[in-house]
Amino acid sequence: MTNVPTRWLTAEQLGPAFDDGGPIVLIENTTVFRRRPTHRQKAHLYLTALRHRARELGERGTFLQASSYRAALTDAGLAGGALESIDPPSWAARRLVRELGASILPSRGFVTSEHDFATWAAGRKPTQLVMDRFYRDVRERTGILMTPGGPEGGQFSFDADNRQPPPKGAESLGLPAPWRPVEDDIDAEVRAELDRLDAEGVRFLGHDGPRQFAATRAEALAALDDFVETRLTDFGPYEDAMMLGDDTMAHARLSVPLNLGLLHPLEVVDRVVAEHAAGRAPLASVEGIVRQLIGWRDWVWHLYWHLGPDYTRRSNALAAHQPLPHHWWALDGSATDARCLSHTLDTVGGSGYAHHIPRLMVLGNAALQRGYDPAELTEWFQGAFVDGTPWVMPANVVGMSQFADGGVMASKPYVASGKYIQRMSNYCRSCPHDPARATGPGACPFTTLYWDFLLRHEHRLRGNPRTRLQVQNLHRLAPDERRAIREGAGRLRLPLVAPEEFGR
Ligand code: SF4
């Protein structure tokens with residue numbers, strides 16, 4: 001009789017794509033919350049997802065609660081030939097399974113393999129690893145949204161059609177409330193466990209609240225159904241818009257079940273493409289989702305490995321060294337009167353979620369303008385967001401949002417004035433600041449800091465074809481105005497309080 005190895009599945013590998021029917025071990029390790037500041041609702045999601053999966057597996061599964069993954073596996077006799085792993089999704093976990101001598105299967109849960117990406121990237125310069133090219137290549141190889149004559153609708157991307165501002169005068173898009181799970185006995189146990197850790201002094205970020213995201217396979221499928229039925233049509237046009245009364249807009253909120261491995265991206269792609277084929281969903285919305293999943297998500301995953309384990313630590317091209325202020329770590333919007341920032345911090349504090357534009361153009365933009373340290377900011381995004389895995393944040397934050405790798409990941413810094421936020425949201429209507437003003441009473445901090453950013457990095461930005469026009473506008477600023485901007489920006493960039501209470 002052959003000995004069947006036991007497969008260790010991490011909390012990101014909980015769906016059917018990772019289960020071939022053999023014995024499985026799951027490990028719950030709450031000491032990670034002592035080491036890394038984590039949103040309370042994210043901690044809840046991970047624990048409840050693991051415990052629900054353990055219950056589903058029944059006698060086929062072994063559920064261990066431990067303070068060390070290594071000790072848990074070795075104490076259970078799981079090393080060498082007894083242990084199997086689907087190559088896990090972090091550098092640390094990959095090191096561990098190799099040191100334990102596990103047999104390792106190729107990673108799963110993405111559309112393209114690591115081998116596919118290595119082949120694509122071979123021979124390209126670092127600056128040629130562009131998402132759009134990768135996305136086109138995947139579309140052509142998979143045939144997704146392709147016809148014999150080329151891409152469906154005659155173009156690969158409908159991004160330009162998907163930038164509508166929010167409807168004028170409305171408080172929300174008027175869509176049904178997003179899908180929510182019904183909590184059960186496991187959620188109650190998890191809440192009690194997290195209350196106990198809290199009482200012991202573990203500092204969670206944000207607030208507790210009813211669970212909002214899918215943590216089981218059945219819930220993930222229900223959330224997908226709900227998105228397709230209620231939001232898919234509107235997803236494209238309002239993808240980049242933000243509204244005070246509607247934090248979800250038409251977004252899918254499927255990143256949590258995707259990153260827990262409960263849904264495979266191709267399942268989502270097949271579903272939305274079928275809706276388009278049946279005439280029930282517009283191409284621009286469907287292509288927007290497809291691009292997020294087979295373009296952006298896969299690309300960021302591959303870059304995590306391609307850029308190496310020290311990518312975050314070594315990347316600080318703009319010499320940004322300001323510590324994150326206390327109110328960011330506290331997710332306390334009341335510390336600022338900038339309505340966009342205040343609302344976004346409170347939203348993340350209350351749910352661990354904000355869609356991609358508040359992340360990039362409010363939080364990321366504010367951090368870029370203020371010169372927050374990109375490594376600390378990455379740690380913050382990873383801990384504060386319910387979908388913040390170790391692989392997803394480095395390229396998104398360091399490369400895309402902060403331009404800290406100097407242009408490997410993004411071709412320009414995503415910096416914008418208050419005018420962009422005014423155009424794409426209804427935030428400015430209830431803000432004491434004026435997005436058109438860079439100086440003087442009522443000046444918008446995003447506008448002041450936008451011009452200050454251009455002034456501070458003028459030399460670098462002038463040499464970049466994608467930012468040259470922005471820099472040319474600096475000639476409109478009189479010397480007095482430049483001085484006023486620099487002085488105002490200097491005051492805005494001062495950190496309020498160092499975040500020592502989070503043990504950092
Ligand atoms: Fe944000 Fe400026 Fe608009 Fe206020 S005026 S909401 S600070 S962009």
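These numbers come from the heavy atoms of this one structure, side chains and all, not from hydrogens, waters or symmetry mates. Being a predicted model, the structure only gives us computed values, none of them experimental. Read the numbers this way: they start at 1 and go in the same order the structure lists the ligands and their atoms.
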Inter-residue atom distance E239.CD - Q164.CD, 0.5 Å rounding: 11.5 Å
Geometric class of the F110/W301 ring pair [parallel <30°, tilted 30-60°, perpendicular >60°]: parallel
Total protein N/O/S atoms whose distance from atom 2 (Fe) of ligand 1 is less than 2.8 Å: 1
Whether F117 and H302 hold their rings parallel, tilted or perpendicular, with breakpoints at 30° and 60°: parallel
Pairs where residues 251-266 contributes a residue and the test side chain to side chain donor-acceptor pair (under 3.5 Å) is met, not counting sequence neighbours: Q212-R253, H251-H355, S255-D387, N259-R297
Any donor-acceptor pair under 3.5 Å from S285 side chain to G236 backbone: yes
W305 and its ring-ring contact (aromatic ring centres under 6.0 Å, His included) partner, picked from W91, W299, Y311: W91
